[in-house]
Number of protein chains: 2
Amino acid sequence: MKAPRPRLRDVAEAAQTSTKTASRVINGDVRVSASTRARVEQAVVDLGYRPDPLARSLRLGQDETIGVVVDEVGDPFFASVIGEIERMALDRGVSVIIASTRRLAERERIVLDGLLQRRVAGLIIASISDTHAYLRTSPCPLVFIDRAAEDLAADAVVVDDRGGARMAIEHLMRHGHRRIAYIGDRLDTATARYRLAGYRDALEAAGIAPDEDLVAEVEPAKGDAGVAAETLLRLANPPTAIFSANTRCSLGTLPTVHRLRRTDIGFVSFGDFAMADTITPAITIIEHSPELIGRLAAERLFSRLAGEDPPVETILAPLRVVPRGSGELGPA
Amino acid sequence: MKAPRPRLRDVAEAAQTSTKTASRVINGDVRVSASTRARVEQAVVDLGYRPDPLARSLRLGQDETIGVVVDEVGDPFFASVIGEIERMALDRGVSVIIASTRRLAERERIVLDGLLQRRVAGLIIASISDTHAYLRTSPCPLVFIDRAAEDLAADAVVVDDRGGARMAIEHLMRHGHRRIAYIGDRLDTATARYRLAGYRDALEAAGIAPDEDLVAEVEPAKGDAGVAAETLLRLANPPTAIFSANTRCSLGTLPTVHRLRRTDIGFVSFGDFAMADTITPAITIIEHSPELIGRLAAERLFSRLAGEDPPVETILAPLRVVPRGSGELGPA
DNA sequence: CACCGCTGTGACATCGATTACCTCGTCCGG
DNA sequence: CCGGACGAGGTAATCGATGTCACAGCGGTG
């Protein structure tokens, strides 16, 4: 009963021409006479023809699809990034395949490999790994987000992690803090290393001797940020302020801070989150907009897909301190 | 320099056999002699052969990909749902294409059409539209989430919206509230209608006359939930409690409630969110786990893709009140 | 007038994998 | 000893669109 979807061949037959000419019309080739063009266009409408993207991809050796690889799709930061990328892709009729690495270099390999096998047209990657040799001959444009690829000349959209962390610490110091704790990601990601470096920069510049007891390296997915916070706050000589180096650490740490009724402590979060301005005290943040990062990355990728070939660049998304209260509390 | 990726033909040649036999080995056909099988397998390893998914899809008329269509990828609820689906898909080597409708029925049509054109193997859909006639002859299994398709016999994973809303209102009434406001989504989505119905059920069962001034229908994406909350709280005869019918409304409403220093008001949110248990007072919620919904939907879809054919079913994900403070405040 | 170049067109190969259909032995029962 | 079932494997068509290349017709040119 149900008619199978029309093929190019059917269109060609209806228009009394060859598939090649029909293909020309559809792809906007100029060298087709007006009358033939009209017949084909009519046939397309009559039959409701739509080219099969699969066949097209096979022939062209490339899929009208981009891949986005992030740590974890459910992470609010990446969810917003992806949302923005998807928005831009949809406008261009491009599909978005997403994949998450769970912060495992091995999985990253696997999903990237799969995406490349599928011949995606381009990739946006929040890489967890620090070796990308196998991407050096990538057949498609790559844009890194959140963390640049250090061993690869590829576009990246990042924030000034080191400078941002330093800004956060200096902000706390301006409000009188001298003992400031750091809670951040595992140091096997570059982002975490840079932010920790920024923290140390600021302390050193202020002539404060670093205290390793105040540096906690955690795995936010495991929920151990809260444990780290509790440990810090129970030290014999506890910090008067905490710097949380990313959103998920903040989300893990703050419930503990509140449970222990230590809302008197100074707090700055690298990255915003829902309700940050509503809890008491409201949380001072280093703001970096995931939507902006997504947009910049997608723009870059689409411009390359459109054939433009600007020099490889690492784009810095802007960063600023948004004081809301928790970062302006002085030490006891 | 760079060798092109090996094709099945290369494998066949290396194993001194035909593509057909090589294909049989790869697809696990039993009727291949042990020695031939071994040769082919060796060749596959030697050449690092990986079948081209595009070609395979074309031939099979189906892509090893599932589509997930939601309101908005950046929405925390859907982000978690997608995260869980992606997790399950990756385990099966299936890719996930995401698309968002922005709550526009027209866009929903477009993205679904695109996905169907791509011949996805299956679809998971949070539908915004209420006509799905064009999906009736869908070539692939469908699973609806969050909202069932009323005009289509298809699987769905939903929560008991009406009952859940009723639970929320009854909870507030048990703590003495009689004037309870409702803030929820536009009523052109079924979910919103059910939740509002549940709200009305509860009031009616308690013999409370409904007051339409207390019902606000908003568009959370536009940020007008906060405006609605302010309007409600400034009424001559204001409510003593607010029921927020979904997470995004809660995220929009609560900053306003706090800004107006009206944290004395009763509050229940349909749907959890980050920091809900950390703000003061902590927010009482109707809990429905997005991860669970994602998992159930994905399980259903994969079971159909595996050829199982259970009767079409609407699965109810469980729901419960999680009291945290804001829902247990009595009226002034 | 022969030749050149340009335009519009179509037959056919191609992308890489799957499959309908066929061939060739071999082994078995009758 | 023969027919036929069966196992193993090969040939070529197929999926649907696009690239290659050749060709016909036409106008201009030396």
Side-chain angles (χ1 to χ4, degrees), chain A residues 3-41 43-44 47-65 93 114 116-121 139-140, chain B residues 3-41 43-44 47-65 93 114 116-121 139-140:
Chain A
R5 56 188 293 172
R7 293 159 303 167
L8 184 58
R9 220 176 101 184
D10 303 320
V11 172
E13 246 163 57
Q16 301 177 68
T17 179
S18 69
T19 59
K20 180 59 203 173
T21 300
S23 168
R24 284 199 183 94
V25 172
I26 286 158
N27 292 29
D29 192 315
V30 285
R31 285 179 302 197
V32 178
S33 71
S35 76
T36 309
R37 173 181 306 279
R39 285 205 317 281
V40 172
E41 278 165 354
V44 167
L47 275 55
Y49 172 76
R50 304 270 304 280
D52 182 329
L54 250 33
R56 199 187 167 89
S57 298
L58 172 61
R59 181 69 243 238
L60 265 30
Q62 184 169 284
D63 202 350
E64 277 271 286
T65 296
L116 256 15
Q117 286 284 330
R118 289 189 69 92
R119 300 229 187 73
V120 292
C140 70
Chain B
R5 55 187 294 172
R7 293 160 304 167
L8 184 58
R9 220 176 102 184
D10 302 323
V11 172
E13 244 163 57
Q16 301 176 65
T17 176
S18 69
T19 59
K20 173 61 193 161
T21 302
S23 170
R24 278 204 264 263
V25 172
I26 286 158
N27 292 30
D29 192 314
V30 285
R31 285 178 305 190
V32 178
S33 70
S35 77
T36 310
R37 173 180 305 279
R39 284 206 317 281
V40 172
E41 279 165 353
V44 166
L47 274 55
Y49 172 77
R50 304 269 305 279
D52 182 328
L54 249 33
R56 195 189 169 90
S57 297
L58 173 60
R59 180 68 235 238
L60 263 31
Q62 184 171 282
D63 201 349
E64 278 271 286
T65 296
L116 256 16
Q117 284 286 329
R118 288 188 71 91
R119 300 229 187 72
V120 291
C140 70

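Worth saying up front: this structure is predicted, and the values here are computed from it rather than measured.
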Where do [X] and [Y] come nearest, in terms of heavy atoms and distance?
| X | Y | result |
| --- | --- | --- |
| B:V120 | B:C140 | O-CB, 3.7 Å |
| A:T19 | A:A12 | N-CB, 3.6 Å |
| A:S57 | A:E64 | OG-N, 4.2 Å |

From C-beta outward on B:L8, which listed nucleotide comes closest to its side chain: D:dT18, D:dT11, C:dA17? C:dA17
Closest approach to the side chain of B:S23, judged atom by atom: which nucleotide of C:dT18, C:dA17, C:dG10 is it? C:dT18
Pairwise distance CZ(A:R31) to OG1(A:T21) - rounded to 0.5 angstrom: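 Rounded to the nearest 0.5 Å, the CZ-OG1 separation comes to 11.5 Å.
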When rounded to the nearest 0.5 angstrom, what distance separates CZ in A:R24 from OG in A:S18?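 These two atoms lie 7.0 Å from each other.
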Would you classify [X] as touching base, sugar-phosphate or nothing, given that sugar-phosphate means primed atoms plus P, OP1 and OP2, and contacts are heavy atoms under 4.0 Å?
| X | answer |
| --- | --- |
| B:L60 | sugar-phosphate |
| A:S33 | sugar-phosphate |
| B:S57 | nothing |

Backbone of [Y] reached by a side-chain donor or acceptor of [X] within 3.5 Å:
| X | Y | answer |
| --- | --- | --- |
| B:N27 | B:D29 | no |
| B:R119 | B:Q62 | no |
| B:T36 | B:V32 | no |

Rounded distance (Å) that lies between atom [atom2] of [N] and atom [atom1] of [X]:
| X | N | atom1 | atom2 | result |
| --- | --- | --- | --- | --- |
| A:R31 | D:dG19 | CZ | P | 12 Å |
| B:R37 | D:dA8 | CZ | C1' | 12 Å |
| A:L54 | C:dA17 | CG | C1' | 12 Å |
| B:E64 | C:dA17 | CD | C1' | 14 Å |
| B:Q62 | C:dA17 | CD | C1' | 15 Å |
| B:R5 | C:dG16 | CZ | C1' | 9 Å |
| B:I26 | C:dG16 | CD1 | P | 14 Å |

Would you say [X] places a side-chain N or O within less than 4.0 Å of OP1 or OP2 belonging to [N]?
| X | N | answer |
| --- | --- | --- |
| A:R56 | D:dG16 | no |
| B:S18 | D:dG9 | no |
| B:T36 | D:dA8 | no |

I want to confirm an ordering. Mapping B:Y49 and A:T17 to their closest nucleotides on DNA chain C, which one lands closer to the 5' end? A:T17
Salt-bridge criterion met for A:R118 and B:D63 (N-O under 4.0 Å): yes
Regarding A:R59 and A:D52, does a basic nitrogen lie under 4.0 Å from an acidic carboxylate oxygen?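 Looking at A:D52 together with A:R59, the answer is no, because their closest N to O distance does not fall below 4.0 Å.
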So, applying side-chain contact (heavy atoms from CB on, under 4.5 Å) with A:L8, which one of A:V40, A:V44, A:I26 is it?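 Looking at A:V40, A:V44, A:I26, the match for A:L8 under the side-chain contact (heavy atoms from CB on, under 4.5 Å) is A:I26.
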Write out a two-atom table: protein N or O, nucleotide N or O from nucleotides 12-15 of chain D, distance below 3.5 Å.
residue: D:dT14; atom: O2; partner: B:R59; partner atom: NH1; Å: 2.7

Using the C1' atoms of five pairs at each end, what's the angle between the two axes of the helix from C:dC1-D:dG30 to C:dG30-D:dC1, to 10 degrees? 60°
With DNA chain D as reference, determine whether A:P6 or A:R24 sits nearer its 5' end, using the nearest nucleotide of each. A:P6
Closest-nucleotide mapping onto DNA chain D: is A:R50 or B:Q16 further toward the 5' terminus? I mean the 5' end. B:Q16
At a cut-off of 3.5 Å, list every protein nitrogen or oxygen paired with a nitrogen or oxygen from nucleotides 22-25 of chain C, distance to 0.1 Å.
none

Flag side-chain contact, heavy atom, 4.5 Å: A:E13 against A:R7: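 No, too far: nothing below the 4.5 Å cut-off.
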Would you say that B:Q117 contacts A:R5 through its side chain, given a criterion of any heavy-atom pair below 4.5 Å between the two side chains?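 Side-chain contact under 4.5 Å: yes.
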